[in-house]
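Following: one structure in structure tokens, then a few remarks.
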Amino acid sequence: MMLASRPAVALGARAQPQVLRPTLVPRPGMVSNLRLQPVKVADPIVASETSQVMEAPQEKKLSEFELKRLERKQQRAQEAATYKFSAIAATVLVLSIAVVATYYRFAWHFAEDGDLPVDEMAATLLLVFGGMFGMEMYARFAHKVLWHDFEPGWALHKSHHEPRTGPFELNDIYAVANALPAMALCAYGFFTPHVIGGVCFGAGLGITLFGIAYMFFHDGLVHRRFPVGPIANLPYMKRIMVAHQIHHTNKFGGVPFGMFLGVQELEAVPGGKEELDKLMADLEAREAAAAKAAGSS
């Protein structure tokens, strides 16, 4: 058996030192968990893990119905803000004018006569409350006869019984129309002295205050066109709200047509009080359930 012989080395020749060359084979004792890769190419395992961490979450695509619903919600919020600003601005302006006009009206006539006109002040104060009560009765009559039964009046008022498509509705014209006689009475009473002037001025103030209160309760409390604060939690205010909601159902022929005395108007109709009490119980049950859910969360 012949063994393979190594290359012969010439006698006298010095052995060449062994040169270590780079190798791709890992040396014993060296531990490496990463394979050698070409330059600028990431390890596939590391790359996959990094891509999972760095990849941004994809946004959920909304359906066409959800987009329209979101758009309508934003539009309603903008409409509510517009009407809220208009209502607050109009209220502040009207109340400011009323306070200044009342002060100067009496200060002017006091300076001319020199005596305190007790009878004139009493007539003015009496007509302020009388004008507010009279407007409740007039609103009950006008609401039924002029706005519901009279076709031209219903042409404007029906916008209030339909879904609103903007911050305002045609029915708001009635608020402006009712302000005209109030302004006329206030102007006449401002320049007219004595009891006659005081009566006219008081009646104009009463109509003005009723209009502001009606807007606050009707548009704010009942139809939620702007927030009214904690007054919405008062029991009688809730009954006013529910009574007017019954008016919109037309269950009792549109009753109640009034606002502040609408509860009494509804209770005078057979079955009206029972319906009002039933809806009030439902409302209180929903509020109690909502409060319990909020407390548990």
Side-chain angles (χ1 to χ4, degrees), residues 68-95 97-98 131-132 134-184 206-229 231-232 237-263 265-266 279 283:
K68 289 183 178 180
R69 185 178 181 182
L70 179 61
E71 181 181 357
R72 180 54 183 159
K73 183 178 180 181
Q74 295 174 348
Q75 183 180 358
R76 285 183 176 178
Q78 184 177 3
E79 293 172 357
T82 302
Y83 183 82
K84 179 181 177 181
F85 173 79
S86 303
I88 293 176
T91 302
V92 171
L93 178 62
V94 170
L95 285 179
I97 295 175
M132 295 183 68
M135 280 301 297
E136 171 69 17
M137 296 297 102
Y138 168 76
R140 180 183 298 186
F141 164 80
H143 195 173
K144 181 181 188 304
V145 177
L146 302 180
W147 301 353
H148 277 259
D149 298 340
F150 187 51
E151 189 62 30
W154 173 250
L156 296 178
H157 183 65
K158 70 178 182 179
S159 62
H160 181 60
H161 289 260
E162 297 174 347
R164 194 183 316 112
T165 58
F168 303 100
E169 54 192 32
L170 288 176
N171 185 67
D172 294 333
I173 295 177
Y174 288 122
V176 179
N178 292 330
L180 297 179
M183 295 172 61
I207 297 174
T208 301
L209 294 178
F210 177 85
I212 294 175
Y214 191 94
M215 180 188 66
F216 183 83
F217 283 91
H218 178 263
D219 296 348
L221 176 66
V222 179
H223 295 289
R224 309 291 184 178
R225 296 177 76 176
F226 57 86
V228 297
I231 194 174
M237 297 299 103
K238 292 181 180 180
R239 291 185 73 85
I240 291 178
M241 176 185 67
V242 174
H244 190 75
Q245 291 175 348
I246 293 176
H247 161 73
H248 279 268
T249 64
N250 204 31
K251 186 171 184 177
F252 299 96
V255 176
F257 291 98
M259 174 57 62
F260 299 102
L261 300 178
V263 174
E265 183 184 358
L266 180 62
L279 294 180
L283 175 62

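On a predicted model such as this, the values are computed, not experimentally measured, just so you know.
For K84, the NZ atom is loosely surrounded, since the number of other residues' heavy atoms within 6.0 Å does not exceed 12. Within 6.0 Å of atom CD in E162, more than 12 heavy atoms from other residues, nucleotides or ligands are found, so the atom counts as buried in its surroundings. Shown here is Q78, whose CD atom has no more than 12 heavy atoms of other residues, nucleotides or ligands within 6.0 Å.
The side chain to side chain contact (heavy atoms under 4.5 Å, CB included) test applied to L209 returns L95, V128, M132, not counting sequence neighbours. Residues passing the side-chain hydrogen bond (donor to acceptor under 3.5 Å, both in side chains) test with K251 are E275, sequence neighbours excluded. R224 is linked by a salt bridge (Lys or Arg N to Asp or Glu O under 4.0 Å) to nothing, counting only residues two or more places apart in sequence or in another chain. Residues passing the side chain to side chain contact (heavy atoms under 4.5 Å, CB included) test with L261, sequence neighbours excluded: F133, E136, M137, R140, Q264. Taking the side chain to side chain contact (heavy atoms under 4.5 Å, CB included) definition, one finds that A87 meets it with Y83, M215, F226, sequence neighbours left out.
Nearest heavy-atom pair, L221 versus V228, reported as atom, atom and distance to 0.1 Å: N-CG1, 3.6 Å. Of all non-hydrogen atoms in A243 and P256, the two that sit nearest each other are O-CD, 3.2 Å. The two residues F168 and S86 make their nearest non-hydrogen contact at CZ-OG, 3.5 Å. Listed here is the closest heavy atom pair of A177 and P181: O-CD, 3.1 Å. The minimum heavy-atom distance between L170 and S159, with the atom names listed, is N-OG, 3.3 Å.
In this structure, D172 pairs ionically with R225, as a charged nitrogen and a carboxylate oxygen lie closer than 4.0 Å.
Counting heavy atoms from C-beta outward, L156 and N171 have side chains that stay 4.5 Å or more apart. In this structure, N178 and F210 have side chains that are not in contact, with every pair of non-hydrogen atoms separated by 4.5 Å or more. Side chains of I246 and F252 form a contact here, defined as non-hydrogen atoms less than 4.5 Å apart.
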Next item on the list: Might you work through the side chain to side chain contact (heavy atoms under 4.5 Å, CB included) test for M259 and M135, ending with a clear yes or no?
Entry: CA-CA 10 Å; M259 174 57 62; M135 280 301 297; over 6 Å; no
Note to self: For a side chain to side chain contact (heavy atoms under 4.5 Å, CB included) check, start with the C-alpha distance between D219 and Y214, then their side-chain angles and the critical distance, and finish with the verdict.
What the structure shows: CA-CA 8 Å; D219 296 348; Y214 191 94; 5.8 Å; no
Next item on the list: Verify ring-ring contact (aromatic ring centres under 6.0 Å, His included) between H160 and H218, making sure each step is shown before the conclusion.
Entry: CA-CA 11 Å; H160 181 60; H218 178 263; 4.6 Å; yes
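The aromatic ring centroids of H223 and H248 lie less than 6.0 Å from each other. With ring centers used as reference points, F141 lies 6.0 Å or more from F257. The distance between the ring centers of W154 and H161 falls below 6.0 angstrom.
Ring pair H143/H244 is tilted by interplanar angle, where 30° to 60° counts as tilted.
Panel note: side chain Y174, backbone G153; a donor-acceptor pair is recorded below 3.5 Å.
Within the structure, every pair that satisfies the salt bridge (Lys or Arg N to Asp or Glu O under 4.0 Å) test and touches residues 142-154, not counting sequence neighbours, is listed here: K144-D149.
Note that CD1 of I88 and CG of L93 are 13.5 Å apart. Values are rounded to the nearest 0.5 Å. Here I207 contributes atom CD1 and I212 contributes atom CD1; the two are 12.5 Å apart, rounded to the nearest 0.5 Å.
Only one option out of K158, R164, H157 pairs with E169 in a side-chain hydrogen bond (donor to acceptor under 3.5 Å, both in side chains); it is R164.
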